[in-house]
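The next block holds one structure in the form of structure tokens; read it before the comments.
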Amino acid sequence: MIRWHSTTLWKVAARQMLRRPARTALTLLGIVCGVATIVAVTLTTQATRRAFHEMFATVTGRAALEVVAEGLGGFDENLAAELANVHGVEAALPVIQTAAAALGKSGPTPVLILGIDPLRDGAARDYRMDTGRALQADDSASPSGALVLEVGFARAHGFEVGRPARLWTPTGIMELPVVGLMQPRGVATFNGGAVAIMPLATAQRAFALPKQVNSVQLVLVDGTDAPRVQAELQARLSTGLQVQAPSARGERSRDALYSIEQCLAAASLLTLVAGAFVILNTLLMNLTERRRQLAIWRALGATRAQVTGLLLREAALFGCAGTLLGIGAGHGLALVTLGVMEQVVGGVHFPELRWTSEALLLAVLFGPGMALAATWLPARRAARRAPLEDLLARGGVYRDEQRRWPAVVGAGLVAAQVVGLVGLAQGWVPPTMLALIMPLGVIGVVFLIPLAIPSLLRLVAVALRWMLGFEGRLAMRQLERRPTRTSLTVGTLAIAIFISIGVGNGLNGSVRDIRDWINRVATADFYVRASQPDGAYAITMSALPEKFEAELARLDGVARVDKVNWILARAHEQRVIVLACTMPAEGPLSVDLVEGHPEQVRRGFMQGGAVVGTALAQRLKLRVGDEIVLETRRGPTPLRIVGTANEYTIDGMALYLEWHAARQHLPVEGVHVFGVSAQEGKTAVVAEELARLSRERGLLLQSQGELRRYIDQSVLAVFGMVWGILGMIFVVASLGTVNTLTMNVLEQTRELGMLRAIGLQRRQLRKLIMAQALAVGLMSLVPGTLIGLALAYVIHVFSSILLAHAWPFHLDLALIAGCLAAALAITLLAALAPARRAARLQVVQALQVE
Amino acid sequence: MTGTMAHQATAGNGAFVIEVEGLQKSFGAGDNRVAALRGVSFRVARGEFVAIMGPSGSGKSTLLHLIGGLDTPTAGSVRISGQDVGAFTDDQLTLLRRRQIGFVFQAFNLLDVLTAEENVALPLILDGVAEGEAQRRAAAAVELVGLAGRRRHFPRELSGGEQQRLAIARALVTEPLLLLADEPTGNLDSATSAQIMSVLRDLVDRRGQTILMVTHDARHAALANRLLRLRDGQLAEEQHLAPASRSPSRVLEDLETLP
């Protein structure tokens with residue numbers, strides 16, 4: 001029995017890899033690209049989820065549970081005292097936890113406010129001071145209040161102990177003396193230090209919550225079963241209050257980032273698939289080259305299992321080496337991706353990347369796993385060859401054997417993908433399966449491409465003969481002799497093309513639709529706010545006082561001032577965002593209406609009806625005229641649906657309520673953003689007035705154009721990430737093409753030597769190799785374009801279903817042309833080195849090669 | 001002359017290493033069917049050096065491949081040490097080649113990713129012998145063929161004669177029952193060929209190795225104990241070569257007298 005630790009056999013595997021350093025390097029790169037993208041996407045996704053999860057867990061310190069109201073509004077502070085007597089509760093701490101904007105030297109900056117009882121808060125949180133002092137009991141009674149900041153945040157924004165800090169709150173600008181700066185530990189690490197601690201009484205004044213809190217945080221007795229206490233408390237609490245783990249606030253982020261994560265995961269899996277085909281192609285080339293060598297092994301007494309084991313060793317080495325390099329590359333890529341995500345989400349500081357067992361496991365699984373999976377079947381087939389045939393072979397070129405099973409498997413995979421997509425659309429299959437379903441069809445298509453190769457070869461042969469004459473004809477011969485290798489190379493290139501066309505067209509369509517949506521909903525000329533909200537609406541939703549509306553309305557040239565608040569709520573056990581807003585009595589609605597007549601919608605809206613995002617309506621299977629049940633402080637409240645609208649906030653899980661109607665059901669505290677519309681011809685005047693006001697008061701001012709550009713940048717940043725990963729697929733495809741062309745040159749060495757001997761010039765030889773590359777590129781264009789167009793349509797239909805609104809299908813011809821040109825360019829570039837190698841062949845030596 | 005002639009050869013202990021009975025091998029089917037062997041029978045005793053000669057297409061190499069378990073007969077039987085290898089599974093044939101048969105090929109067939117010593121040790125490694133023990137035995141085999149100073153070289157760094165000596169060392173390292181040599185001097189010049197033949201003869205004389213060798217060269221055939229001549233897939237002639245008659249010219253004379 002073979003010993004797996006036999007050093008001789010591992011040496012054979014390693015030396016075999018080193019015999020063809022260029023081919024080994026190119027193949028390794030294919031694995032590295034695949035592993036790096038998987039690792040990068042996994043690390044980034046984990047980091048972003050962890051960021052939100054840990055942020056809120058950090059804030060609550062040792063508190064295992066918290067009680068909050070629907071919409072995170074205020075409730076009676078005495079509840080804390082009641083809950084302190086519950087069995088298992090060690091301490092019940094009254095807290096106001098909300099957002100505000102600190103006015104530092106660089107302008108308004110979002111900050112988390114914690115209003116605490118200094119006497120009791122130590123049960124949950126520790127405050128280690130760097131400078132000054134922590135909050136004391138006296139501070140609660142002091143009319144001037146007190147503020148403690150994190151030292152790094154304070155220094156960055158110009159805050160010092162002994163000097164007042166100004167904050168925008170729903171009641172106006174509050175000036176509080178800074179009494180201490182915290183070390184960056186525990187609660188002070190929230191969102192990179194953007195946290196401010198004040199006495200509870202101060203917070204109650206600032207945030208218009210007299211005798212109220214918006215969170216009671218519960219520290220449990222050691223060993224207490226938290227879920228049991230949670231269930232017990234929930235049963236005791238009145239309607240409109242709920243008990244949750246503190247980290248549940250971070251769950252909102254998952255909704256905001258979910259579609260991005262799915263997109264990235266699918267793109268990275270596709271890169272991995274492309275990498276797997278490069279490995280498979282390389283392996284098949286190696287096996288062809290080594291038939292005689294493997295026959296010698298068999299003649300000497302190696303069993304089939306031993307030969308298979310030898311080849312699997314090589315695959316394992318490839319995989320391990322690729323994984324090690326891929327882990328390093330993936331970490332670097334993750335840093336870039338995380339930076340982009342920070343920009344996309346906005347206002348959130350993500351912690352450093354942390355390697356988890358899951359990320360390592362994926363790297364190990366996909367690196368060596370992919371290599372072994374691609375190797376296993378070809379290795380078994382190679383080991384089962386009768387050794388005599390290969391021992392007696394006298395050089396020349398082996399002809400590929402064509403088998404039927406790949407086409408059968410390919411058809412099966414494509415069918416499985418179609419079923420999966422239908423299941424996703426119908427809701428039988430959870431959306432989390434999307435990333436796994438997408439690669440099935442891709443793999444299936446590559447397996448089906450061999451069926452099309454004969455026709456493609458004939459088609460391209462005609463074109464090449466016409467373009468390149470004799471060299472074109474010769475070029476086709478090698479490709480015809482190697483249908484399997486040609487198929488895999490064409491297939492990998494075709495993957496790059498059709499993914500780029502299909503996904504790219506889909507992305508461009510989404511960008512266009514988002515821009516259209518913004519154009520329809522962002523109707524004000526200017527937007528005034530305390531700070532930019534984060535993409536999850538979970539952290540940095542600071543508010544301005546509502547009375548500011550009158551001041552804005554009095555500015556010269558202002559026609560109208562509207563208000564919008566984003567409130568975290570629940571409906572039908574679904575997390576939703578409620579946009580409480582005002583709407584003009586006439587003129588265009590500031591929603592992208594899909595269902596409902598505009599005037600009827602306006603009337604119904606003003607009467608307290610809801611305009612629901614189409615995706616939410618579809619998820620809940622509701623239509624205009626139905627009722628959506630919103631969880632409010634008073635319990636479940638049905639609201640009539642007066643219209644549905646295209647909505648991109650949190651992937652459409654949103655509904656619009658009229659401002660005053662929303663206030664009846666949910667906490668509407670301050671104003672998150674004022675929309676200021678100018679009178680005709682007075683835009684410049686209003687701009688000047690608002691700029692002055694913003695400078696004086698420390699406000700964030702954006703024109704309509706600036707808002708659109710800001711959203712555009714975030715959207716393009718996400719899509720840029722996806723395009724970056726799709727670009728990797730092109731890189732991987734080009735590696736496969738270089739490998740194939742180099743191998744073709746090697747195999748044809750004697751033949752090319754003969755051609756040179758009878759008078760073929762070097763430049764003609766180079767032309768021959770370039771012709772092969774061109775042929776491969778042209779062959780990939782046909783399936784790549786056709787499947788790409790089909791994929792573009794499928795993605796369009798699928799997106800329309802998911803978002804529950806349709807937009808016109810548009811083929812981006814520039815994109816298609818660009819993808820095809822890129823594919824051809826990459827193929828021709830990939831041919832340069834092999835062509836040079838062929839041209840340098842020494843004739844005599846080439847003729848002696850077997 | 002009949003197509004088959006059985007010859008009873010005796011060895012010191014009466015054991016036959018090879019027993020071939022009515023061996024047939026055909027390739028292709030229907031109109032394309034070609035009979036490479038048409039019923040060959042003979043026996044080889046332990047310690048014999050048997051040469052096989054014949055024109056191209058006479059079935060020499062096919063016969064060797066069948067005996068060596070690289071191919072399976074269409075009809076007839078091959079017994080190695082009394083075992084009928086025709087009924088062996090692929091794994092059994094593989095083990096036969098690994099443990100009981102040593103191959104020496106015309107094209108050397110060394111693995112160029114392994115050093116000389118590693119090439120020789122390979123059959124032992126495949127058999128699960130511990131690395132240290134395999135290395136020791138390989139070193140001994142390399143020394144036996146006079147290549148101790150070249151054991152760390154790769155095949156591409158060795159001359160043709162050295163490579164073939166290395167191949168012989170690899171064939172011997174498992175102390176096989178039988179050594180099969182398929183035109184071992186076919187790719188070598190005359191001086192080197194003489195060296196190789198000397199090595200083979202030495203193995204028979206000093207170690208009692210049983211050797212079956214296919215050759216085109218009468219001078220090399222003359223060094224064997226017995227000569228089998230094939231023609232058109234049949235055994236045309238069998239000839240004992242006494243020591244005095246082991247000269248190439250005598251072999252040629254004998255060959256010319258055959259009908």
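Sequence lines set the chain letters: A, B, ... in the order given, protein chains first and strands last, and positions in each chain run from 1.
- Between Glu117(B) and Arg151(B), at least one side-chain nitrogen of the basic residue sits less than 4.0 Å from a carboxylate oxygen of the acidic one, meeting the salt-bridge criterion.
- Options Asp112(B), Asp91(B), Ile101(B) differ in how many heavy-atom pairs under 4.5 Å they form with chain A, and the most are formed by Asp112(B).
- For Arg19(A), the part lying near chain B is the side chain, with the backbone staying farther off; criterion is any non-hydrogen pair under 4.5 Å.
- At a 4.5 Å heavy-atom cutoff, the contact between Leu70(B) and chain A is made by backbone and side-chain atoms alike.
- Ion pairing of Arg23(A) with Glu289(A) is present here, as a side-chain N (NZ or NE/NH1/NH2) and a carboxylate O approach within less than 4.0 Å.
- Salt-bridge annotation for Asp90(B) and Arg304(A): present, with a side-chain N of the basic residue lying under 4.0 Å from a carboxylate O of the acidic one.
- Gln163(B) places a side-chain N or O within 3.5 Å of a backbone atom of Leu158(B) that can act as its donor or acceptor partner.
- With a 4.5 Å cut-off on non-hydrogen atoms, Phe108(B) does not touch chain A at all.
- For a residue to count as touching a neighbouring chain, one of its non-hydrogen atoms must lie under 4.5 Å from one of that chain's; by this rule Ile296(A) touches chain B with the side chain only.
- Contact count versus chain A (heavy atoms, under 4.5 Å) is highest, among Leu96(B), Leu122(B), Thr174(B), Leu95(B), for Leu122(B).
- Remark: Glu118(B) does not engage Arg152(B) in a salt bridge, criterion side-chain N to carboxylate O under 4.0 Å.
- Contact tally against chain A (heavy-atom pairs below 4.5 Å) for Thr94(B), Leu114(B), Leu110(B): the top residue is Thr94(B).
- Here NE2 of His65(B) is found 11.0 Å from NZ of Lys60(B). Values are rounded to the nearest 0.5 Å.
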